[in-house]
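Each remark here refers to the structure printed beneath this line.
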Number of protein chains: 2
Amino acid sequence: MVTMQDVAERAGVTKQTVSNVVTGRVTVRPATEARVRAAIAELGYVPNLVARSLATGSSRTVGLFVPTVSAPFYADVVEEVEDALEERGHRLLLCTTRLDGERARRHLAGLAARSVDALLIAGDQGLTGHLPLLADVRFPVVLCAWEAALPDGFPVVTVDYEHGGHLAGRHLRALGHERALVLASPAHTVRTAGFRRAFREDGMPLPDDAVRTAADPTFRGGLAAALEALRDHPDATALFATHDVLAVAALEAARMLGRSVPDGLSVVAHDDTPAGLLSGPALTTVVLPKREMARQAVGLALGAASRGARPDPRPRLLLPALVPGESTAPVR
Amino acid sequence: MVTMQDVAERAGVTKQTVSNVVTGRVTVRPATEARVRAAIAELGYVPNLVARSLATGSSRTVGLFVPTVSAPFYADVVEEVEDALEERGHRLLLCTTRLDGERARRHLAGLAARSVDALLIAGDQGLTGHLPLLADVRFPVVLCAWEAALPDGFPVVTVDYEHGGHLAGRHLRALGHERALVLASPAHTVRTAGFRRAFREDGMPLPDDAVRTAADPTFRGGLAAALEALRDHPDATALFATHDVLAVAALEAARMLGRSVPDGLSVVAHDDTPAGLLSGPALTTVVLPKREMARQAVGLALGAASRGARPDPRPRLLLPALVPGESTAPVR
DNA sequence: CTGAAAGCGCTTACAG
DNA sequence: CTGAAAGCGCTTACAG
């Protein structure tokens, strides 16, 4: 492996000078710089980031916690974060927590030992109780995609989930729907609240019974809950699913009950669904600005890391948008 | 941050002794070891892996290339690799290549500069042309989930895809199907060949026209290809989809044409489908041993890394299995 | 603008 | 079994 020393000898300078041109911290006489750059190119020198890391404390590596990578939403988040990091010359150390606090704890120790520059935590599921652990870590921690109550003092870049639910509700109200159902995941209370607010503000409050929380928010659990809801409320003309998987379950339930979508039932989803896997009509859905969220979270974390400061703890709330599809129509 | 030196002073020994107990490389007198361990616990010392990495050359970090993390198959692979690494105290540096050779090249440089212990590459899509780059890298590279021709000299842990296709074909033949269609992704020629072999061996060779390759192997592209295939061959009683997304597309096509599954059409898939997202009947599918593949790839790579040797280049071929579901039935 | 020195926190032979 | 020394490849003040 070729080192800075090798380059220095080749260029007839000391290695400090090579360091100066590589880091650009100090201006070097143009002629010298040219010689150094030539030597670097000839030798194919590439700086050893481990050594640099030991000297500077920065590894140009960032950790990311996600509950899983198998959910389409988090898969997208991972790729967006990776892209945002790459633009800044950083790499991604991925940790899936699987909703397991102990596992997260082990990962945290691994990251600390490796001198990561920052840690991003996407999704709050099951981790809230372990947040205190993060308090005395030596690198900035930024939360994102956080729907639960915002923990004090932690910087967070997330989405206004309440607004997302509200958008879904307003959309259905604008189409004239008066009786709507909500198919919700237990973690999605905020979106549900926003949806109900839209109906309430319009003088059409939804009964508590119209909200069905699938204890098991998978396709299977969602299907059972959707069938039950639709049977209990045969007069409902619309349904809001707080999650992509639940929306797919709702579509299937409608199909099983002979309700066509959107004519027999309008369906609004939250999160974009994995287009490649979805059959049936393109869903009307609330889309989250994942790219923007990733960029801001990375910027906040790395900005703080480079200044050696704590990130600004004021929560950043991004706005979701409603993208109309073919799964909603005016009420008949 | 507490260092080995701090621990040494506390325990009244030199830091080399601390290093000896931490690494376990040299046996230390029990009384001394106890003092050192006590000091470590009191101070909450955790070894700095960056410093260790610089001294030993091993970062206890492994890179993984996958085309994307949004495809359920690769999402699973990522989590399995992560688990296999964690068992050995290693962490995962994730790089999604997005079928972009240039991007892979940049990631490779980033990994090399960070002294990863090894690199795993899952999926061959679009990377085969860039393989030569890997030849002169300083750490072991192991390929996995590799369907294309096995490149010379590279160690690979993969699945017998031909056998997977053959299993699918034999299953349909055992159910009495004589006229089957194949809905294939362009990259899946090997599975397709195995499927055709099963029919050929039974004296029922499939016409070339029965194989439809979806140039666009997404749901959309698969749906179009499936509709066309089913219309061109109204007498076909079974269909083999070489990929989960295509299987979902086939189900939808069957539904649109009024063919019930499995009575009107048997469908066999390859890869396990994301159960959470799938509507309709549970698919009969060829399942790949992802966990075993991840374990072996990690073991091979880290074994070679620790010995400073090249991994054994003999290809390891794991066997897929056919898991019966509700999407296949005896021909009527 | 360039060079000599010290240091980042570990490990690894090598003497005692 | 324990300790002193050198080294991993960089960066960072600090003199010249």
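Residue numbering restarts at 1 for every chain, and letters A, B, ... go by the order of the sequence lines. Owing to the predicted nature of the structure, the values given are computational and were not obtained by experimental measurement.
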- Message: Under a 3.5 Å cutoff, is there a donor and acceptor pairing between the side chains of B/Thr14 and B/Gln16?
- Response: yes

- Task: Among B/Ile121, B/Leu150, B/Val142, find the residue that satisfies the side chain to side chain contact (heavy atoms under 4.5 Å, CB included) test when tested with B/Val156.
- Result: B/Leu150

- Item | Carboxylate-amine/guanidinium proximity below 4.0 Å for B/Glu33 and B/Arg37 | yes

- Task: Have a look at A/Val26 and say if it touches a base, only the backbone sugar-phosphate, or nothing, with a 4.0 Å heavy-atom cut-off.
- Result: base

- Query: Among residues 38-52 of chain B, which residues get a heavy atom nearer than 4.0 Å to DNA chain C?
  - Reply: B/Tyr45, B/Pro47, B/Asn48, B/Ala51, B/Arg52

- Query: Closest approach of B/His107 and B/Thr96, non-hydrogen atoms and distance?
  - Reply: CE1-O, 3.8 Å

- Starting at the 5' end of DNA chain D and moving along, which residue's nearest nucleotide shows up first, B/Val13 or B/Ala55? B/Val13

- Message: Is it the case that atom CZ in A/Arg60 sees more than 12 heavy atoms from other parts of the structure closer than 6.0 Å?
- Response: no

- Query: Base, sugar-phosphate, or nothing: which does A/Thr32 touch, judged by heavy atoms less than 4.0 Å apart?
  - Reply: sugar-phosphate

- Message: Can you confirm whether B/Arg106 is buried at CZ, in the sense that more than 12 heavy atoms of other residues, nucleotides or ligands lie under 6.0 Å from that atom?
- Response: yes

- Message: For chain A and DNA chain C, what are the first and last nucleotides along the strand, 5' to 3', with at least one atom under 4.0 angstrom from a heavy atom of the protein chain?
- Response: C/dC1 to C/dG9

- Message: Counting the atoms with a prime plus P, OP1 and OP2 as sugar-phosphate, which does A/Thr23 contact under 4.0 Å by heavy atoms, base, sugar-phosphate, or nothing?
- Response: sugar-phosphate

- On DNA chain D, check which nucleotide each of B/Gly12 and A/Leu54 is closest to and give me the residue with the more 5' one. B/Gly12

- For a side chain to side chain donor-acceptor pair (under 3.5 Å) with B/Glu292, tell me which candidate from B/Gln296, B/Arg295, B/Lys290 qualifies. B/Gln296

- Query: Is B/Glu86 paired with B/Arg91 through a side-chain N to carboxylate O contact shorter than 4.0 Å?
  - Reply: no

- Message: Whether A/Arg103 and B/Asp83 form a salt bridge (side-chain N of Lys/Arg under 4.0 Å from carboxylate O of Asp/Glu) is what I want to check.
- Response: yes

- Note on the structure: A correct dot-bracket answer for DNA chain D, with pairs being Watson-Crick or G-U at under 3.5 Å, [ ] for crossing pairs and | for inter-strand pairs, is |||.||||||||.|||

- State whether the number of non-hydrogen atoms from other residues, nucleotides or ligands found under 6.0 Å of B/Arg291 atom CZ is greater than 12. no

- Query: Is the number of heavy atoms from other residues, nucleotides or ligands within 6.0 Å of CZ (A/Arg98) greater than 12?
  - Reply: yes

